[in-house]
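Taking it in order: structure first as structure tokens, then the write-up.
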Amino acid sequence: MLRKHGVLIVKCQDEVSANTQRLTHVEIIGEYQRVGFYTKDLFVLVRPNRPAVSRIKKQEHARKNHSYFLVFIKTGGGNPRAKG
């Protein structure tokens with residue numbers, strides 16, 4: 001439970017499953033904004049080592065070697081610093 005203007009940080013990673021791309025960070029941002037959070041910031045954390053080798057013969061999507069930290073503020077919707 002967050003009070004108004006509380007900060008929520010979510011860590012996530014996009015994924016490919018059954019040859020279908022899921023832009024998880026986009027889905028999360030959309031859903032949190034829908035329920036009254038303002039997306040304050042986004043950090044991209046790149047993995048320092050190489051991703052594991054896949055046995056897939058034909059790669060359809062880019063490998064995911066990064067994750068996201070999404071920073072939300074509970075506002076009830078909208079930018080808390082916006083005037084008006």
Reference residue V71; test side-chain contact (heavy atoms from CB on, under 4.5 Å); the match among D41, T39, L42
D41

Verify side-chain contact (heavy atoms from CB on, under 4.5 Å) between F43 and I9, making sure each step is shown before the conclusion.
CA-CA 10 Å; F43 296 88; I9 299 174; over 6 Å; no

I need the K74 NZ to M1 CE distance, nearest 0.5 Å.
6.0 Å

Rounded to the nearest 0.5 Å, what separation is found between the CD1 atom of I73 and the OH atom of Y38?
7.0 Å

Hphob cluster co-occupancy, L23 + F72, side-chain heavy atoms under 4.5 angstrom
no

Identify the two heavy atoms, one from C12 and one from S67, that lie closest to each other, and give their separation to 0.1 Å.
O-CB, 3.3 Å

Applying the side-chain contact (heavy atoms from CB on, under 4.5 Å) criterion to Y68, which one of T24, V44, V26, V10 satisfies it?
V44

Over all atoms of both residues, closest heavy-atom pair of H25 and L70:
O-CD1, 4.1 Å

Is the backbone of Q21 close enough, under 3.5 Å, to the side chain of D14 for a donor and an acceptor to pair up by distance?
no

Would you sort out whether Y32 and F37 count as a ring-ring contact (aromatic ring centres under 6.0 Å, His included), showing the intermediate values?
CA-CA 5 Å; Y32 274 84; F37 284 82; 5.3 Å; yes

